[in-house]
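This report concerns only the one structure given below.
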Amino acid sequence: MTNKDVAYILSQIADLLEILQESRFRIIAYRKAASVLESLPEDINDVSEQGRLQELPGIGAHIAERLEELLKTGRMKYFEELKQKVPGGLLELIKIRGLGPKTAVTVYENLGIASVGQLEKAAKEHKIREVKGLGAKVEENIIKNIKEMEKREERILLAEAYPIAQEIIKELRKQPFVVSAETAGSLRRMRRTIGDIDLLASSNEPEKVMDFFAMMSFVVEVEAKGKTKSTITHQDGRKVDLRVVSPDQYGSALQYFTGSKQHSIHLRGIAKDKGLKISEYGIFEAATEKRLGGKIEEDIYSKLNLPVFPPELREDKGEIEAAYEGDLPKLITLKDIKGDLHVHTKKSDGLNSVEDMVSKAKQLGYSYICVSDHAKNLKVAGGLTVKELETQIKNIKELNKREKNFRVLVGAELNIDNDGNVDYDSSLLARLDFVSASIHAGFNQSKKQLTERMLKAIENPNINLICHPTAEILNQRPPYELDLPVIFKAAAETKTAMELNSFPNRLDLRADYLRAAKKAGVKIAISTDAHNYNHLEYVFYGVAIARRGWLEKKDVINTWGVEKLLKFVKK
DNA sequence: GCCGTTTTCGGCCCGACTGTTTTCAGTCG
């Protein structure tokens with residue numbers, strides 16, 4: 001049973017408790033425990049076996065005991081009892097937007113509805129409006145939102161949401177009645193995937209902003225429109241929320257809407273202890289309601305003796321405690337990046353020549369790239385034969401003679417086969433500047449097999465970097481199972497770097513794993529896996545995830561100059 | 001159900017919008 005499986009069960013328990021109208025704090029407790037497991041960088045089975053469950057935040061005696069039962073026996077009595085009490089379909093009903101536990105119970109008790117299908121049928125037959133407290137509008141929304149749920153894709157990729165949001169922000173800022181505008185929510189925190197796009201603006205004429213927003217060219221539907229808050233559907237099918245506040249409330253509103261929810265709740269708790277109250281309208285003395293500030297985010301944080309956290313850190317995963325202890329990292333920035341260690345050319349499955357890639361790299365201000373075309377065993381990706389690699393080495397050598405302040409490193413992206421072996425013989429590998437390796441197939445092996453396979457590659461003295469270490473593809477393929485603590489320990493000992501692959505549908509390693517890797521002493525390479533020269537720009541998203549993983553310049557090997565990098569390589 | 005430089009009991013963030021209501025419950029973030 002994986003962390004994700006267990007987290008899912010905990011969140012189902014929370015849903016069940018909600019339907020059963022249990023104490024809301026118990027519900028919150030289960031949700032929190034689920035979210036902690038969701039981002040736990042180690043295997044919950046190991047944590048349980050070592051008796052460390054209660055060391056995890058949000059997991060106390062009760063949940064720990066129930067988790068142990070679940071992990072040992074594969075079953076949890078409590079969960080099964082709850083399921084007995086709730087008709088199965090009700091869990092599905094509350095996934096419909098706008099339909100919560102109360103309404104689900106109401107339609108069940110009045111109409112005996114316990115499935116999405118039955119609900120849709122009843123709505124179409126106008127039976128919903130006959131129930132007291134529900135009306136025609138509810139009926140309409142049920143039909144609409146079931147349709148929406150059916151066609152709704154997964155969360156949008158950061159790299160898709162970001163440009164959409166920036167374009168809207170740019171338009172808003174041009175309007176004379178808009179004082180300021182910014183992204184908020186998970187987008188501002190730069191999560192790998194985004195639910196709805198959240199935006200914030202400040203203005204002295206909020207209704208003008210709402211009118212303008214609802215009329216923008218890309219709007220296909222206005223779902224809600226109030227004086228200060230509207231939700232529209234973008235032509236790309238995405239929901240965009242815009243909230244407007246007055247200019248002197250902008251900071252507190254931005255803090256609040258950036259979240260994360262857990263981060264803000266933590267802040268409000270601290271404020272409360274200090275006799276203060278935080279809302280999106282400002283920070284106040286609790287007793288007198290006297291407003292102490294809120295025009296800028298600093299007004300909020302400084303009253304709590306906290307710095308203005310980079311949005312990427314605002315997850316309530318220890319950043320607040322670290323700030324009080326003076327232990328906040330100085331996060332890496334895009335301009336720290338000096339080169340890209342994972343790019344492909346048309347010799348394998350890329351689109352452009354080495355020269356094209358070099359030219360783009362120079363535009364980005366880089367001083368090196370490493371050409372890592374696929375190797376001979378990965379035939380589907382046009383892997384280079386020994387002879388072709390020899391030619392590549394020769395050509396790049398020639399190219400480097402012509403270059404002054406730029407260095408092209410010769411590398412390869414080897415394929416780690418099912419037994420942990422890689423392409424080419426070691427004498428050829430030794431002639432390469434920087435060698436990467438990754439797993440491209442055999443994802444269904446057991447955790448033990450996959451771990452051993454990767455360990456063999458890590459311990460191979462010719463290999464410097466493991467690419468896209470978990471092979472996760474967002475919205476498409478889950479990460480394979482790997483014993484990450486063991487992997488990270490070996491990587492640190494052998495000075496084998498781990499990749500943060502910047503490709504928008506990978507962003508692998510993810511932030512929680514990066515933090516664990518850093519803690520274990522592993523060095524990271526933020527590279528793009530570019531298959532054409534425009535892909536080199538994806539480093540922007542890689543750096544964002546690195547920041548979410550608390551990485552500093554010193555943790556990332558491609559912030560180093562080429563000499564220091566090559567010294568690291570000779571392990 | 002969790003948690004603790006006020007506490008092992010008594011707290012637990014706060015507000016907008018919709019739809020159905022004549023003052024508010026439900027849902028969402």
Side-chain angles (χ1 to χ4, degrees), chain A residues 10 13-14 17-19 21-36 53-67 78 93-107 128-142 144-145 184-187 189 194-200 206 210 222-231 239 241-245 249 252-253 255-284 286 300 305 316 321 324-325:
Chain A
L10 291 178
I13 291 176
L17 293 173
E18 202 148 32
I19 292 167
Q21 328 254 332
E22 281 267 2
S23 146
R24 67 191 179 98
F25 298 110
R26 185 173 299 156
I27 296 164
I28 289 169
Y30 275 95
R31 289 218 191 286
K32 164 146 198 195
S35 93
V36 166
L53 282 174
Q54 284 196 60
E55 290 173 23
L56 301 175
I59 302 204
H62 283 91
I63 294 183
E65 191 183 323
R66 284 167 181 165
L67 287 181
Y78 179 61
L93 291 193
I94 63 172
K95 287 185 184 147
I96 300 167
R97 185 191 282 262
L99 199 151
K102 296 274 165 59
T103 315
V105 169
T106 303
V107 296
I128 304 289
R129 65 180 70 182
E130 290 164 14
V131 179
K132 190 168 185 297
L134 304 178
K137 197 74 195 172
V138 171
E139 209 168 69
E140 244 172 67
N141 284 338
I142 283 174
K144 195 183 87 179
N145 290 331
S186 55
L187 183 54
R189 302 199 312 278
I194 310 298
D196 295 342
I197 296 173
D198 290 320
L199 306 175
L200 177 70
M210 294 285 91
V222 179
E223 183 170 306
K225 182 163 170 283
K227 283 180 188 152
T228 63
K229 185 182 167 185
S230 294
T231 302
K239 298 260 181 274
D241 289 338
L242 175 66
R243 188 75 187 257
V244 186
V245 295
Q249 297 166 337
S252 46
Q255 191 291 310
Y256 173 59
F257 290 116
T258 299
S260 69
K261 193 172 174 180
Q262 289 305 323
H263 175 87
S264 291
I265 288 174
H266 195 157
L267 290 185
R268 288 178 180 200
I270 294 170
K272 204 164 190 176
D273 291 345
K274 290 182 186 290
L276 303 171
K277 191 187 81 172
I278 300 171
S279 78
E280 56 258 58
Y281 301 113
I283 182 160
F284 305 86
I300 308 298
N305 298 319
D316 195 28
E321 294 83 351
Y324 280 129
E325 283 164 26

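Every chain is numbered from 1, with letters handed out A, B, ... down the list of sequences.
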Exercise for the section: Between B:dG10 and B:dA16, how far apart are the P atoms? Round to whole Å, please. Expected result: 33 Å
Exercise for the section: Assess the side chains of A:R66 and A:Y30: does a donor N or O sit below 3.5 Å from an acceptor N or O? Expected result: yes
Practice task
Using the aromatic ring of A:F25 (for Trp, its six-membered ring), decide whether it stacks on the base of B:dC2 within the limits of 5.5 Å and 30°.
Solution key: no
Handout entry: nucleotides 18-29 of chain B: protein proximity per nucleotide (B base, S sugar-phosphate only, - neither; heavy atom, under 4.0 Å)
Key = SSSS----SSSB
Problem - Euclidean distance, atom CG of residue A:L276 to atom P of B:dC13 [Å, nearest integer] - result: 16 Å
Exercise for the section: Taking atom P in both B:dT22 and B:dC28, compute the distance separating them and give it to the nearest angstrom. Expected result: 23 Å
Problem - Residue closer to the 5' end of DNA chain B, A:I28 versus A:I63 (nearest nucleotide) - result: A:I63
Practice task
Take atom C1' in B:dG11 and the same atom in B:dC17, then report the distance between them in whole Å.
Solution key: 29 Å
Practice task
Determine the interatomic distance between P on B:dC13 and the same-named atom on B:dG19; round to the nearest Å.
Solution key: 29 Å
Practice task
Indicate, with a heavy-atom threshold strictly under 4.0 Å, whether A:K227 touches base, sugar-phosphate, or nothing.
Solution key: sugar-phosphate
Handout entry: Complementary nucleotide for B:dT8 - Watson-Crick or wobble, under 3.5 Å
Key = none
Completion exercise
Here the distance between atom C1' of B:dC12 and atom CG of A:D273, to the nearest Å, is 11 Å
Handout entry: Exceeds 12 heavy-atom contacts within 6.0 angstrom, atom CZ of A:R24
Key = no
Practice task
Could you state the atom-to-atom distance from CD of A:E321 to C1' of B:dG4 in whole Å?
Solution key: 13 Å
Practice task
Using atom CD of A:E65 as one end and atom P of B:dC2 as the other, report the distance to the nearest whole Å.
Solution key: 10 Å
Practice task
Output yes when at least one side-chain N/O atom of A:Y281 is less than 4.0 Å from OP1 or OP2 of B:dA16, else no.
Solution key: yes
Practice task
Taking only the side-chain nitrogens and oxygens of A:R268, find out if one of them lies under 4.0 Å from OP1 or OP2 of B:dC13.
Solution key: no
Practice task
Determine yes or no for a side-chain-to-main-chain donor-acceptor pair under 3.5 angstrom, with A:E223 supplying the side chain and A:T231 the backbone.
Solution key: no
Problem - Gap in Å between the two C1' atoms, one belonging to B:dT8 and one to B:dG15, rounded - result: 33 Å
Problem - Whole-angstrom distance between B:dT18 and B:dT23, as gauged at atom C1' - result: 15 Å
Problem - Protein-nucleotide distance (A:E18, atom CD; B:dG1, atom P), rounded to Å - result: 15 Å
Exercise for the section: Looking at every strand, decide which applies to A:T228 at a 4.0 Å heavy-atom threshold: base, sugar-phosphate, or nothing. Expected result: sugar-phosphate
Handout entry: B:dT21 and B:dG26, which share atom name C1', separated by this distance in whole Å
Key = 13 Å
Handout entry: side-chain contact (heavy atoms from CB on, under 4.5 Å) evaluation trace for A:E65 with A:L53
Key = CA-CA 9 Å; A:E65 191 183 323; A:L53 282 174; over 6 Å; no
Practice task
Please determine if a side-chain N or O atom of A:H62 lies less than 4.0 Å away from the OP1 or OP2 oxygen of B:dC2.
Solution key: yes
Practice task
Any chance you could lay out the side-chain contact (heavy atoms from CB on, under 4.5 Å) test for A:R97 and A:K144, step after step, and finish with the verdict?
Solution key: CA-CA 10 Å; A:R97 185 191 282 262; A:K144 195 183 87 179; over 6 Å; no
Exercise for the section: Could you tell me whether a side-chain N or O of A:E280 sits under 3.5 Å from a main-chain N or O of A:Y256, the two making a donor and an acceptor? Expected result: no
Problem - Nearest-angstrom distance, C1' atom, B:dC14 to B:dC9 - result: 25 Å
Practice task
Send over the distance from A:H266 NE2 to B:dC13 P, rounded to a whole Å.
Solution key: 11 Å
Exercise for the section: For A:R31, report the nucleic acid contact type (base, sugar-phosphate, nothing); a contact means any heavy atom under 4.0 Å. Expected result: nothing
Exercise for the section: Begin from the C-alpha positions of A:T228 and A:R243 and carry the test side-chain contact (heavy atoms from CB on, under 4.5 Å) through to its verdict. Expected result: CA-CA 6 Å; A:T228 63; A:R243 188 75 187 257; 4.0 Å; yes
Completion exercise
Separation of B:dT5 atom C1' from A:K274 atom NZ, nearest Å, is 11 Å
Exercise for the section: Could you check A:Y30 against A:R24 and say which one's nearest nucleotide on DNA chain B is further toward the 5' end? Expected result: A:Y30
Practice task
Please report, rounded to the nearest Å, how far the C1' atom of B:dC2 is from the CG atom of A:L56.
Solution key: 13 Å
Completion exercise
With the side chain defined as heavy atoms from C-beta on, A:R243 is closest, among B:dC14, B:dC13, B:dA16, to B:dA16
Handout entry: Main-chain N/O of A:Q249 paired with A:S252 side-chain donor or acceptor, under 3.5 Å
Key = yes
Practice task
Given side-chain contact (heavy atoms from CB on, under 4.5 Å), test A:V107 with A:L99 step by step and report yes or no.
Solution key: CA-CA 10 Å; A:V107 296; A:L99 199 151; 5.8 Å; no
